[in-house]
2 protein chains.
Amino acid sequence: MSGKKVTSLDVARAAGVSQSAVSRVFTKGASVSEAMEKRVREAAERLGYRPNVLARSLITGRSRIVGLVVAYLDNPFFADAVEKLSHALQAEGYHLLIFTVGNSGADLDGVVSELMDYQVDALIAASVDLSGALVARCASAGLPVVLFNRGIDKSGMSAVTSDNRAGGRRVAEFLLAGGHERIAHISGWQGSSTGRDRREGFEAGLRAAGAAPLEVIDGRYSRAEAAEAARAMMDRPDPPDAIFVGNDYMALAVMDVLRFDLGLSVPGDVSVVGFDDIAMSAWPAYDLTTLRQPVRRMIAATVEEVLARIDTPSRRPSRIEIEGPLVVRGSARLPRSGSGGESE
Amino acid sequence: MSGKKVTSLDVARAAGVSQSAVSRVFTKGASVSEAMEKRVREAAERLGYRPNVLARSLITGRSRIVGLVVAYLDNPFFADAVEKLSHALQAEGYHLLIFTVGNSGADLDGVVSELMDYQVDALIAASVDLSGALVARCASAGLPVVLFNRGIDKSGMSAVTSDNRAGGRRVAEFLLAGGHERIAHISGWQGSSTGRDRREGFEAGLRAAGAAPLEVIDGRYSRAEAAEAARAMMDRPDPPDAIFVGNDYMALAVMDVLRFDLGLSVPGDVSVVGFDDIAMSAWPAYDLTTLRQPVRRMIAATVEEVLARIDTPSRRPSRIEIEGPLVVRGSARLPRSGSGGESE
DNA sequence: AGGTGATGTGCAAGCGTATGCAATCACCGC
DNA sequence: GCGGTGATTGCATACGCTTGCACATCACCT
C-alpha cells in the first residue's frame with residue numbers, strides 16, 4: 001500500500017521534531033522527555049516506522065549479527081545446538097548469519113572473509129577447526145571468535161566444550177566395570193580436538209586399570225566410515241565385546257551394522273557406548289548408553305562468552321569445559337554391583 | 001596487528017586514485033581500465049581491504065541477506081533443508097539470517113518485524129504459516145516471501161511444496177493394494193496446509209476405492225502426540241492394520257510405540273507409512289516405507305523463486321508443486337502383484 | 001580540421017542513522 | 001533577582017559506500 005521505506009526523517013516531519021529526536025527515542029539510553037517520546041512514538045506507529053539496523057550498524061560499528069560457521073548439520077546434535085543458539089541470541093537481540101562449509105573445510109578461508117564482509121560482531125564456529133592464519137585474521141580485525149564443541153589451547157579464541165577427556169575416561173571405567181575384556185574404539189575424527197580428547201581420555205581410563213584398547217579406528221564423524229570400521233572390527237578373530245564410539249551419530253550406525261548386518265545382539269554380544277546423548281539415543285529402537293553433552297549449558301556458556309567478548313573487546317579468550325553425566329541405558333552390559341553408573 | 005578497519009578511502013589514497021575508482025573496481029559491471037584495476041587491487045590486497053557489505057546495502061537497497069523463519073529444527077527434514085538452502089544461497093552470494101520461532105507461532109509477528117529491520121532481500125518461511133496480516137505487511141514493504149513446505153493459495157506469496165495431495169493419494173492406493181482393511185491416519189497438524197493436503201489426498205484415495213479411514217487423529221507434528229495417538233488407535237476393539245503417518249518424524253515415534261510399547265510387529269501386525277523420506281527412514285532399525293519429498297529439487301525451486309522475485313519485484317508469486325515417489329521399504333505389507341510400488 | 005562516440009575518471013550528493021556540541025529552558029538555592 | 005545546574009533538543013557531521021553527472025581523453029571518420 002504505502003510507497004516505500006519510511007525513515008526517521010519522515011517520522012520527524014510528521015511529529016514536527018528533529019530527526020535526532022526520533023533517533024534518540026529509538027536508542028536505548030538516550031535522554032528524551034516523556035512528551036517527546038509520546039509524540040514520536042505515535043507518529044512512528046502511524047507511519048509504520050522501524051529503525052534500519054544496517055544504517056545503524058554503519059555508525060555504531062555493531063551489527064548485532066553473529067556469524068555461525070557449521071559443518072555437520074546432518075548430525076542432530078548440531079541441529080539442536082543451532083536451534084538453541086539461535087533462540088538464546090535472539091533473546092539478547094542478536095541474530096545468526098549462517099555459513100555452511102563442506103566437511104572438508106577447504107573453503108573455510110573464503111567463508112570467513114565473507115563473514116567479515118558482513119561486519120558480524122562475533123563468530124561462532126561449531127565443530128569447525130579454524131587454522132592459525134584465520135584466527136590471526138579475526139584477531140587483527142578485532143573479531144571475537146568462540147569455538148563450540150571444539151577446543152584449541154594455544155590460540156587466541158574462546159572455546160566451549162564438554163569435558164571430553166573426563167568423559168572418555170568415564171566410559172572406559174564403565175565398560176571395565178561391566179567386565180568387558182576386549183574394548184575397541186571407533187573415534188571421532190582425529191583431526192579434531194574433540195575426537196582426540198575423547199580418545200585420549202578413554203585410553204587413559206583403560207590404562208589406569210592396566211588395560212589397553214583392542215583397536216582404534218578413526219570414524220571421522222561419518223556414518224559410512226563408522227559402519228565400515230565396525231565391520232572390520234567384528235571381522236577379527238578376536239572381535240571386541242564392547243565398542244566406544246566417538247559420537248552418538250556414528251554409534252547408531254554401528255548398532256545398525258551389528259544388529260542388522262551381522263545379526264549380533266547389543267549388548268548381548270557387543271556393548272556399544274556413544275557420546276553426546278542426542279534425542280534419538282533415548283528412542284527405544286536404540287536405547288543407547290552414552291555420555292551426555294549438556295547442550296543447554298554449553299549454549300548458555302557460549303552465548304555468555306560471545307556477549308562478554310563483544311562488550312569487552314580487551315577481554316581474554318577463555319576456555320570453558322562443562323562436565324556431563326554418563327547416561328546409562330540398555331546398549332551396554334551393566335556392572336555387577338551398583339558401582340559404575342549414575343542414571344542421569 | 002593493523003589498527004582498525006581499512007576503508008575504500010584508505011585504498012584510494014594508497015593507490016593514488018579517487019575513492020570512486022576503488023568502488024568501481026569492486027562493483028560488478030562498472031567501467032574500469034585494466035591499469036586502474038591492477039593498481040587498486042594491489043593496494044587493496046596489501047592493506048587487506050574488503051568492501052563493507054552493510055554500507056553497500058545502505059545505498060543499493062540490497063543486503064544480500066535472506067531471512068529464514070523456521071520452527072521445527074528438531075525434525076531432521078528441516079535441518080537437512082536448511083543446510084541445503086544455505087549452501088545453495090551461498091553459491092549465489094546470498095546468506096541466511098535465521099529466526100527460530102516457537103512452534104506456537106505466537107511471536108511470529110515480532111520476528112517478522114525484526115527481520116525487516118535487517119533489510120533482508122527476501123523471506124523464506126520453512127513450515128511456518130504466516131497470517132494474512134503479516135503477508136500484507138511484507139507485500140507492502142515490497143518484501144518477497146517464499147513458503148517452503150507450506151502452501152496457501154489465496155495469498156500473495158510464493159510457495160514450494162511437494163504434491164502433498166497426490167502423495168497422500170498414492171499412499172492410500174498402496175495400502176489398499178496391500179490388502180489392508182482398517183486403515184488409520186495420524187495426520188500432520190491440521191492447521192497447516194501440508195497436513196491438510198496429505199490427509200485430503202489420502203482420504204480421496206480411499207474414497208475412490210469405496211473405502212474410508214478407520215480413524216484420523218491430528219499428531220500436530222509432535223512425537224509425543226503421535227505416540228499417544230498410536231496408543232489410542234491400538235486400544236480400539238478393532239485396531240487398524242495400517243497407519244499412514246503425516247511425516248516420517250512422527251512415523252518413527254509410532255513405530256517405536258507399536259514395537260516396543262505394545263510388542264507388535266511392523267508390518268506383521270500393523271503397516272506404517274510415512275512422508276518425507278528423511279535419512280533415518282532408510283536406516284535398518286526402521287526401514288520405513290514413505291513418500292519422498294524431493295528436497296533437493298524443492299530447495300532448487302525455492303532458491304530460483306527467491307532470486308527471481310528479488311530481481312523482478314513485479315513478478316507474480318507462483319505456486320510450485322514437485323512430485324515425489326513412494327519409496328517402498330519394509331514397514332508396510334506389500335501388494336501381492338507387482339502393482340503398487342516403485343522402489344525409488 | 002572538426003565532429004562524434006566511446007571510454008575512463010573524479011566530484012559530490014546522498015543512503016538512514018547516531019552523537020558531540022551548543023543552545024535553550026525550567027528550576028533551585030541563596 | 002541571579003548565577004548555576006541538569007535535563008532536553010536541534011544542528012551538523014560522520015559512518016563507508018554507490019552512482020549520476022560532467023569532464024577529459026583518445027580513436028576514428030567524413
Side-chain angles (χ1 to χ4, degrees), chain A residues 2-41 43-44 47-65 93 116-121 141-142, chain B residues 2-41 43-44 47-65 93 116-121 141-142:
Chain A
S2 65
K4 280 289 126 188
K5 316 256 181 211
V6 25
T7 76
S8 61
L9 195 59
D10 298 328
V11 177
R13 273 196 282 261
V17 301
S18 78
Q19 179 268 327
S20 11
V22 178
S23 170
R24 278 191 257 263
V25 169
F26 287 92
T27 316
K28 269 199 63 145
S31 134
V32 215
S33 70
E34 256 182 57
M36 170 69 76
E37 164 113 27
K38 187 152 171 290
R39 267 176 84 179
V40 170
R41 287 224 184 268
L47 301 188
Y49 169 77
R50 309 207 91 216
N52 181 329
V53 177
L54 266 39
R56 174 178 292 181
S57 309
L58 188 53
I59 190 158
T60 60
R62 288 150 178 277
S63 59
R64 301 198 79 84
I65 297 179
M116 298 179 64
D117 294 349
Y118 280 95
Q119 313 295 117
V120 297
D121 289 344
Chain B
S2 65
K4 278 289 126 186
K5 316 257 180 209
V6 27
T7 76
S8 61
L9 195 59
D10 298 328
V11 177
R13 274 196 281 262
V17 301
S18 77
Q19 180 268 330
S20 12
V22 177
S23 170
R24 278 191 256 262
V25 168
F26 287 93
T27 320
K28 267 197 63 142
S31 132
V32 216
S33 71
E34 255 181 56
M36 170 70 77
E37 164 113 27
K38 186 152 171 291
R39 268 177 83 178
V40 170
R41 287 223 184 270
L47 302 188
Y49 168 77
R50 307 208 94 218
N52 180 329
V53 177
L54 266 38
R56 173 179 294 183
S57 308
L58 188 53
I59 189 159
T60 61
R62 284 147 181 281
S63 58
R64 301 198 79 84
I65 297 179
M116 298 179 63
D117 293 351
Y118 280 94
Q119 313 297 114
V120 296
D121 288 345

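All heavy atoms count here, side chains included; hydrogens, waters and symmetry mates do not. Proteins come first, then strands; the chains are lettered A, B, ... in the order of their sequence lines, and each starts at number 1.
Mapping B:A35 and B:A55 onto DNA chain C by nearest heavy atom places B:A35 closer to the 5' end of the strand.
Rounded to an integer number of Å, the gap from CG of A:N52 to C1' of C:dC15 is 9 Å. For B:R39 and C:dG8, the CZ to C1' distance is 13 Å, given to the nearest whole Å. For the pair B:L9 CG and C:dG10 P, the computed distance is 13 Å after rounding to whole Å. Atom CZ in A:R64 sits about 12 Å away from atom P in C:dA18, given to the nearest Å. Between the CG atom of A:L54 and the C1' atom of C:dA18 there is a distance of 15 Å, given to the nearest Å. Following rounding to the nearest Å, B:E34 (CD) and C:dG8 (C1') show an atom-to-atom distance of 13 Å. Rounded to whole angstrom, the span from the CD1 atom of B:I59 across to the C1' atom of D:dG20 amounts to 11 Å. We find that OH of A:Y118 is positioned 19 Å from P of D:dG16, with the value rounded to whole Å.
Of the side-chain N and O atoms in A:S8, one or more sit less than 4.0 angstrom from OP1 or OP2 of C:dT17. At least one side-chain nitrogen or oxygen of A:Y49 sits closer than 4.0 Å to the OP1 or OP2 atom of C:dT17. A close approach under 4.0 Å does occur between a side-chain nitrogen or oxygen of A:T27 and OP1 or OP2 of C:dA18. Listed pair B:T7 / D:dG16 fails the phosphate criterion, with no side-chain N or O lying under 4.0 Å from OP1 or OP2.
Residue B:Q19 places its side chain closer to C:dA12 than to any other of C:dA12, C:dG10, D:dT8. Counting only heavy atoms from C-beta on, B:R24 has its side chain closest to C:dC11 among C:dG16, C:dC11, D:dA12. Closest to the side chain of A:V32, out of C:dG14, D:dT9, C:dT17, is D:dT9. For B:T60, the listed nucleotide lying nearest its side chain is D:dT18; candidates were C:dT17, D:dG16, D:dT18. Comparing C:dG16, C:dC11, D:dG10 by their nearest atom to the side chain of B:L58 picks out C:dG16. Looking at the side chain of A:S31, the nearest of the listed nucleotides D:dC17, D:dT9, C:dA18 is D:dT9. Among the nucleotides C:dT17, D:dC17, C:dG10, the one closest to the side chain of B:R56 is D:dC17. Comparing D:dG16, C:dT17, D:dT9 by their nearest atom to the side chain of A:P51 picks out C:dT17.
As judged by a 4.0 angstrom heavy-atom cut-off over every strand, A:V22 is placed among residues making no nucleic acid contact. Counting non-hydrogen atoms under 4.0 angstrom, B:S20 reaches a base of the nucleic acid. As judged by a 4.0 angstrom heavy-atom cut-off over every strand, B:S33 is placed among residues touching the sugar-phosphate backbone only.
When side chains are defined from C-beta on, A:Y49 does not count as touching A:R41, because their heavy atoms never get closer than 4.5 Å. Here the side chains of A:N52 and B:L58 are in contact, with some heavy-atom distance below 4.5 Å.
A donor-acceptor pair under 3.5 Å links the side-chain atoms of B:S63 to the main chain of B:Q119, judged by distance alone. Under a 3.5 Å cut-off, the side chain of A:R50 and the backbone N or O of B:D117 do not form any donor-acceptor pair.
The shortest non-hydrogen separation linking A:R64 to A:G93 is NE-O, 3.0 Å. Scanning all heavy atoms of the two residues, the minimum distance from B:R24 to B:S31 falls at CD-O, 4.1 Å.
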